[in-house]
Amino acid sequence: MPAADRGDPEQGARMGVLWKLEPATAAKHRLYQRYLDAWWPILLQTSHSTGYSRPRVTLLDAFAGPGRYEDGEPGSPVFILDRLLGHDAVDRMHLSPRRVHLIFIEKDRARHEHLMAELVSRFGPLNDLPVRVEVRRGDAGRDSLTVLDELGAWGNPILGIFDSWGSVNVPLHVMSRIARNRSSEVITTFGPNWFSRREELNADILDTVFGGRGFWTAAADELRPDEKWRVWLRTYRDALRRAGFGYQLQFELVPRTGQPLYLVFGTGSTAGLKAMKDAMWKVDDLDGESFRDLRTRGAKADGQLDLFQAAGLIDDELAELVTQRLTAGVTTVEAIGEWLLTETARWMPKHALKAARQMREDGVIAIQSPGKLTTKSRISLQAQVRA
């Protein structure tokens with residue numbers, strides 16, 4: 001590809017297409033990296049039990065950006081490709097341009113040119129790579145399905161990353177098409193200003209994003225500042241559910257400094273939920289990021305710490321969530337574990353029994369079943385707590 005067509009990274013920097021890497025974005029990138037470290041081998045390795053190999057896997061980064069940040073940190077297309085090619089299991093994933101497709105869409109001309117130059121500079125001619133890399137200039141909402149059609153992605157797993165930071169303007173029918181495709185998932189992000197700038201968005205655009213006026217006007221009417229983000233995320237989560245994703249995670253990513261970031265993850269499998277939550281727990285906490293659940297009000301977000309320290313105390317957020325679940329009445333520890341997996345931001349089934357043990361010691365819950373406390377035990381809130 002001629003240099004004139006690829007653009008020049010340094011020229012792009014001089015044109016002002018780069019920006020500082022925000023702390024929340026850096027933490028989000030670590031989450032993506034951990035998730036993809038698990039996602040690629042799960043989908044690309046041959047099954048030991050059946051010998052089956054998926055014929056094709058597609059990753060779509062629909063708001064790709066210029067490829068790097070102002071101080072040289074890699075953008076998502078760069079670290080996605082780098083970690084795939086350098087993965088520990090790469091020899092067992094049988095990469096080929098027919099089998100693995102990476103699609104990067106960027107709307108802005110200067111950023112698109114910079115991204116092309118950045119990828120070629122780091123990885124060499126894209127046609128020589130062991131995977132197919134498509135870098136398109138286009139609009140995420142308008143062009144994502146067209147490119148997926150063109151590359152024959154349907155019928156095989158797709159991960160769609162709609163990471164706009166600003167206004168989310170991807171129509172719900174795009175999400176619906178991906179949701180109906182087997183083994184496919186989406187990640188959508190909302191920047192902190194999204195929830196306070198509704199008056200700047202065209203109502204018709206919101207209709208396309210949420211599926212109709214009746215689905216989002218209640219969220220727009222929410223005036224309490226600390227509730228806006230909760231209501232809008234719940235509203236978008238409901239939209240993904242209507243689109244066809246059986247499970248949806250919604251959470252706030254809170255860095256040590258700077259503005260938070262909000263993410264909604266849609267998947268059709270509990271394996272996808274577990275993989276995303278495992279990625280959260282593996283994110284390095286040295287920079288102080290944490291993942292906050294929308295359902296909690298009084299809990300302090302402590303980050304990805306060891307929840308069960310030597311003292312045996314459980315995380316405040318987990319205790320608050322289990323208490324909320326028990327307000328519905330008596331249930332089993334196992335059922336609480338399933339609820340934690342499918343309905344909360346980061347908690348796993350294994351946390352239910354540990355929480356129940358500590359909450360019993362604290363006098364918060366009562367055991368309704370005879371014998372030892374196990375996952376099969378029926379538990380409830382103590383009468384004075386319910387009162």
Side-chain angles (χ1 to χ4, degrees), residues 1-15 17-18 21 29 32-33 35-37 39-41 43-44 53-70 72-140 142-154 156-164 184 187:
M1 178 181 298
D5 294 334
R6 293 197 309 263
D8 172 13
E10 297 309 316
Q11 179 183 9
R14 291 191 296 272
M15 292 169 60
V17 300
L18 306 184
L21 178 63
H29 286 176
Y32 287 176
Q33 289 164 11
Y35 182 66
L36 288 170
D37 284 350
W39 192 77
W40 288 120
L43 294 177
L44 290 175
S53 294
R54 296 183 186 273
R56 184 171 296 113
V57 175
T58 301
L59 183 144
L60 166 68
D61 185 353
F63 294 88
R68 68 178 168 92
Y69 290 87
E70 199 171 86
E73 303 93 340
S76 56
V78 172
F79 70 68
I80 286 171
L81 185 54
D82 183 61
R83 290 180 80 92
L84 171 59
L85 298 180
H87 198 289
D88 291 344
V90 69
D91 291 338
R92 301 190 299 275
M93 292 193 285
H94 310 294
L95 302 183
S96 76
R98 287 178 55 86
R99 188 163 184 246
V100 183
H101 293 171
L102 304 181
I103 304 169
F104 303 118
I105 299 177
E106 173 52 46
K107 185 176 183 179
D108 181 84
R109 180 185 296 276
R111 293 173 188 167
H112 173 263
E113 292 178 353
H114 193 280
L115 173 59
M116 286 293 299
E118 193 72 25
L119 289 172
V120 172
S121 173
R122 289 176 178 254
F123 300 103
L126 301 185
N127 289 337
D128 294 343
L129 294 175
V131 296
R132 180 168 180 174
V133 178
E134 288 288 329
V135 185
R136 300 294 182 90
R137 181 171 174 241
D139 177 84
R142 185 190 64 232
D143 298 321
S144 290
L145 296 185
T146 300
V147 180
L148 291 171
D149 285 340
E150 179 186 327
L151 297 187
W154 306 111
N156 295 288
I158 296 169
L159 173 60
I161 302 176
F162 298 92
D163 193 355
S164 68
S184 295
I187 303 172

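Both backbone and side-chain heavy atoms feed into the values below; hydrogens, waters and symmetry mates do not. This chain uses plain numbering: 1 for the first residue, then up along the sequence. Source: prediction; values computed, not measured.
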### Query
Of all residues at least two apart in sequence or in a different chain, which pass the salt bridge (charged side-chain N to carboxylate O under 4.0 Å, His left out) check with R136?
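E134, E150.
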Non-hydrogen side-chain atoms of [X] and [Y] separated by less than 4.5 Å:
X	Y	result
Y69	H29	yes
V90	L85	no
H112	V135	yes
W154	D149	yes
I103	D61	no
L95	L84	yes
P55	N156	yes
K107	R137	no

Just verifying a value: how many Å separate [X] [atom1] and [Y] [atom2], rounded to the nearest 0.5 Å?
X	Y	atom1	atom2	result
S76	R68	OG	CZ	14.5 Å
I105	I161	CD1	CD1	12.0 Å
L102	L119	CG	CG	9.5 Å
E106	L115	CD	CG	7.5 Å
R56	R132	CZ	CZ	9.0 Å
T146	L151	OG1	CG	11.0 Å

Which atom names give the shortest non-hydrogen contact between [X] and [Y], and what distance separates them?
X	Y	answer
G138	D143	CA-OD2, 3.1 Å
E118	P66	CB-O, 4.1 Å
I158	W39	C-CZ2, 4.3 Å
F123	D82	CZ-N, 3.8 Å
A64	F104	CB-CB, 3.8 Å

### Query
Short question: side chain of R99, backbone of L44 - any donor-acceptor pair under 3.5 Å?
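A pair under 3.5 Å: yes.
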### Task
Sorted by first residue and then second, give each side chain to side chain donor-acceptor pair (under 3.5 Å) pair with at least one member in residues 88-97; sequence neighbours left out.
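Sorted pair list: Q45-R92.
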### Message
For L159, run the side chain to side chain contact (heavy atoms under 4.5 Å, CB included) check against L36, I80, T58, L43 and tell me which one passes.
### Response
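For L159, the side chain to side chain contact (heavy atoms under 4.5 Å, CB included) test succeeds with only one of L36, I80, T58, L43, which is L36.
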### Message
Tell me whether the rings of F63 and F162 are parallel (<30°), tilted (30 to 60°) or perpendicular (>60°).
### Response
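F63 vs F162 ring planes: perpendicular.
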### Query
For R109, does the CZ atom sit with more than 12 other heavy atoms under 6.0 Å from it, leaving out its own atoms?
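Not more than 12 within 6.0 Å, no.
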### Task
Please test L81 against R122 for side chain to side chain contact (heavy atoms under 4.5 Å, CB included), starting from the C-alpha separation and ending with a verdict.
CA-CA 10 Å; L81 185 54; R122 289 176 178 254; over 6 Å; no
